[in-house]
Amino acid sequence: MKVYNSATRTKEEFVPLEGDNVRMYACGITVYDDCHIGHARQAIAYDMISKYLRFKGYKVTYVRNYTDVDDKIIARANQLGVNAVAYAEQKIRESEEDLKRLNVKDADRKPKVSECIPDIIAFIEGLIEKKHAYVSKKGDVWYSVMSFPGYGKLSRKDPDQLLEGVRKDLEEGKKDPRDFALWKSAKKDEIFWKSPWGNGRPGWHIECSAMALKNLGETLDIHGGGKDLIFPHHENEIAQSEALTGKPLARYWTHNGLVTIDGQKMSKSLGNTLTIKEALRKYHPEVIRHAMLSRHYSADVDISAKEFALSEKSLYYFYKTLGDIDAFLAANSPTSEKLTVCDDISANVKSGFVEAMDDDFNSSLAISHLFQICKFVNTLLADKKQPKGAVVVAFQRIRDDIGNAYAVLGLMQEPPGMFIRALNLKHLEEAGLTEEKVQALIEERATAKQKKDYAAADEIREKLDQLGITLQDSRTGTTWGLKLGALPEG
RNA sequence: GGCGCGGUGGCAGAAUGGCGAUGCAGAGGACUGCAAAUCCUUGUAUGCCGGUUCGAUUCCGGCCCGUGCCUCCA
């Protein structure tokens, strides 16, 4: 298995530090507002990675932290007149609900800054002792960037060049503009903890170093986070942790790509953030996961109504095929006959998935295999020459392998009928129709068809078609479903 | 300005030192009262200029364009 390591800029064979144990840390969120689709992407990316590692048989300990002490949280809490930690706690609960609906499995440990203050203080004390940090008169503790020779190695930044463009007016007690805060002395109306340097709270970067050390030890196998965190956050984590322990912080640095909306970066000022809650109101959770996973985790993904519609359409096809498999399996029994097709894909579902995912978690490629599998299934269903018992055997295998393998991506995990019905009902609602109305129209059309009044029958179908509902005639009657042809513009 | 990442058909998106997946959309066909669904067939792409190489979309250099970070950011 290969993993792209941002630190070396190469794909490397994945070898954990200790046998089958994988220690994985991903920078979680600062909980000051509703989680947006970018947070979802990060969570889904590391959800997929941890699930795949487990699928491969590794024993994974996955830690994802919460920053519940931070300027923005304090500002928001003060505005609302509530306790900052309590406010953060509320936002943590909400974010967990959002992610749970997206079928993101909880990390094994979810440390919070507010619960790790003693560990953070101890970490800082260690850095002061080793002369990598200093205390100002005010009671701030600063990390001395130039005391760490490797500073800039992850982000490829030259400390000398970092000096340019940096604010000239040094904060009180700060010796070098590049230094960053490990401990911030308490300002008025701010939540604080006691420390050897007076009342205050931890800086942002130190949290992750301390929590990773506490929960996973000196060297992580995989460290993850959004690529926007490479500098300064991850660079600073390295400076802190490696200065203290003298060991590499992580064997593999991974970075997930960011989400843009209609080609633009999401930001509060542009007013184009899409929260997870909003997305879930419009799209099925698996549709959102599909949209996130149909590009490689390290690439930026652009989201638009068109992208979601495309994901919806793909999943509709997959699920419809799975539904047809289930119907076939319910009606037929396995035999020891053999298929006569020359290319039996049923044996390769799992290996195709593994091959794709072994190459730096190529979920995009893994998903594309589903199209070939579904095409194979549909071909078998139409091929009346194949012995049914043999088709059953092939289908059982395909069904099991898809269910097991694609659980890693959190896709194809619903009963097909339920998924399709949910999608259909959503479109029905958008079209301003009800099931009863559609059913009545279907019956009206059936009567017209019986009278061979095809013009009237077609008129009804045309009317529904314009509303995005398609009628499908079969021997057993007429069913309705969402119209798949049209994608929204843009 | 500094540092990084990327530019693949109409769109989305993999991969690769030699034949460039897959999906959507388009075209044609089978099926159908007509459709839909499904299946079959099919056209269209590696930003530009050099270099290395028998051969480059892939490796190297330059340019152009886009984008991220350099301040909080998943």
Side-chain angles (χ1 to χ4, degrees), chain A residues 6 9 26-30 32-33 35-46 64 67 70-72 152 154-158 160-167 178 204 224-235 255-260 263-268 291 294-296 298-302 304 306-307 309-311 313-314 316-317 320-321 324 356 359 362-372 374-383 449 452-455 457-458 461-462 464-465 469-475 478-481 483-487 489-490:
Chain A
S6 306
R9 309 274 158 94
C27 291
I29 51 181
T30 302
Y32 69 96
D33 207 343
C35 284
H36 55 63
I37 200 78
H39 297 118
R41 174 144 159 97
Q42 188 263 7
I44 289 169
Y46 291 98
R64 185 169 181 269
T67 298
D70 160 89
D71 288 340
K72 281 185 193 146
L154 179 69
S155 57
R156 308 281 160 103
K157 289 197 187 298
D158 177 355
D160 290 339
Q161 280 174 342
L162 237 32
L163 213 42
E164 295 170 26
V166 132
R167 280 191 305 190
R178 292 164 294 193
W204 177 40
K227 72 178 191 184
D228 55 340
L229 298 186
I230 293 173
F231 189 88
H233 186 57
H234 293 158
E235 196 67 60
H255 290 98
N256 63 278
L258 306 181
V259 177
T260 57
Q264 282 189 307
K265 192 191 172 180
M266 272 194 299
S267 75
K268 291 264 146 93
S294 57
R295 283 206 79 171
H296 190 261
S298 66
D300 292 343
V301 57
D302 188 52
S304 62
K306 189 176 174 179
E307 287 313 307
L310 210 53
S311 291
K313 197 166 178 172
S314 300
Y316 192 96
Y317 173 64
K320 188 177 175 308
T321 307
D324 292 344
D359 188 10
N362 195 336
S363 56
S364 176
L365 187 58
I367 287 172
S368 77
H369 290 338
L370 280 173
F371 286 101
Q372 271 51 59
C374 288
K375 187 182 279 191
F376 176 72
V377 168
N378 283 314
T379 305
L380 279 191
L381 282 169
D383 186 350
K449 271 176 67 177
K452 300 235 193 257
D453 185 356
Y454 291 122
D458 288 351
R461 188 170 56 202
E462 178 60 25
L464 283 170
D465 182 83
I469 302 295
T470 301
L471 297 184
Q472 297 160 19
D473 294 330
S474 72
R475 273 194 218 96
T478 300
T479 55
W480 61 272
K483 186 181 165 188
L484 294 173
L487 288 175
E489 290 299 312

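Letters A, B, ... mirror the listed sequences (proteins, then strands); counts begin at 1. Just so you know, these numbers come straight off a predicted model, no measurement behind them.
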Do A:Arg461 side-chain and B:A35 base share a donor-acceptor contact under 3.5 Å?
yes

Rounding to an integer number of angstrom, what distance separates [N] and [M] when you compare their [atom1] atoms?
| N | M | atom1 | value |
| --- | --- | --- | --- |
| B:A35 | B:G23 | C1' | 24 Å |
| B:G26 | B:C11 | P | 15 Å |
| B:A25 | B:A12 | P | 15 Å |
| B:C59 | B:U42 | C1' | 35 Å |
| B:A37 | B:G4 | P | 49 Å |
| B:G9 | B:A21 | P | 14 Å |
| B:G66 | B:C24 | P | 32 Å |

Using modelled atom types and a 3.5 Å cut-off, is there a donor and acceptor pairing between side-chain atoms of [X] and backbone atoms of [Y]?
| X | Y | answer |
| --- | --- | --- |
| A:Gln42 | A:Leu258 | no |
| A:Tyr46 | A:Gly225 | yes |
| A:His39 | A:His36 | yes |
| A:Asp300 | A:Val259 | no |
| A:Asn378 | A:Cys374 | yes |
| A:Gln472 | A:Thr479 | no |

Have a look at A:Ser474 and say if it touches a base, only the backbone sugar-phosphate, or nothing, with a 4.0 Å heavy-atom cut-off.
nothing

Any idea how A:Tyr317 and A:Phe371 line up, ring-wise: parallel (<30°), tilted (30 to 60°), or perpendicular (>60°)?
parallel

Of the options [options], whose atoms approach the side-chain atoms of [X] most closely?
| X | options | value |
| --- | --- | --- |
| A:Asp300 | B:A36, B:G33, B:U67 | B:U67 |
| A:Thr470 | B:C34, B:A36, B:A74 | B:A36 |
| A:His36 | B:A74, B:A21, B:C24 | B:A74 |
| A:Pro232 | B:C70, B:U38, B:A74 | B:C70 |
| A:Gln372 | B:G23, B:A74, B:A15 | B:G23 |

Minimum heavy-atom distance A:His296-A:Asn362, with the two atoms named:
CD2-CA, 4.1 Å

What is the minimum heavy-atom distance between A:Gly38 and A:Met266, and which atoms define it?
N-CE, 3.5 Å

N or O in side chain of [X] less than 4.0 angstrom from [N] OP1/OP2:
| X | N | result |
| --- | --- | --- |
| A:Tyr317 | B:C39 | yes |
| A:Lys375 | B:U22 | no |
| A:Asn362 | B:A15 | yes |

Taking [atom1] from [X] and [atom2] from [N], how many angstroms apart are they, rounded to a whole number?
| X | N | atom1 | atom2 | answer |
| --- | --- | --- | --- | --- |
| A:Gln472 | B:C34 | CD | P | 17 Å |
| A:Leu464 | B:A36 | CG | C1' | 13 Å |
| A:Asp70 | B:A74 | CG | C1' | 14 Å |
| A:His296 | B:G13 | NE2 | P | 13 Å |
| A:Ile367 | B:A21 | CD1 | P | 20 Å |
| A:Lys452 | B:G33 | NZ | C1' | 7 Å |
| A:Asp33 | B:C72 | CG | C1' | 13 Å |

Cationic N near anionic O, under 4.0 Å, A:Lys449 to A:Asp473
yes

B:G23 base stacked by A:Phe371? Criteria: ring centres under 5.5 Å, plane angle under 30°.
no

To the nearest 0.5 Å, what is the distance between OG1 on A:Thr260 and CG on A:Asp302?
3.5 Å

Given Watson-Crick or G-U pairs with both distances under 3.5 Å, what dot-bracket string fits RNA chain B, with | for other-strand pairs and [ ] for crossing?
(((((((..(((.....[...))).(((((.......)))))....(((((..]....))))))))))))....

Which nucleotides of nucleotides 2-12 of chain B have their base under 4.0 Å from a protein heavy atom (B), which only their sugar-phosphate (S), and which neither (-), written as one string 5' to 3'?
BBSS-----SS

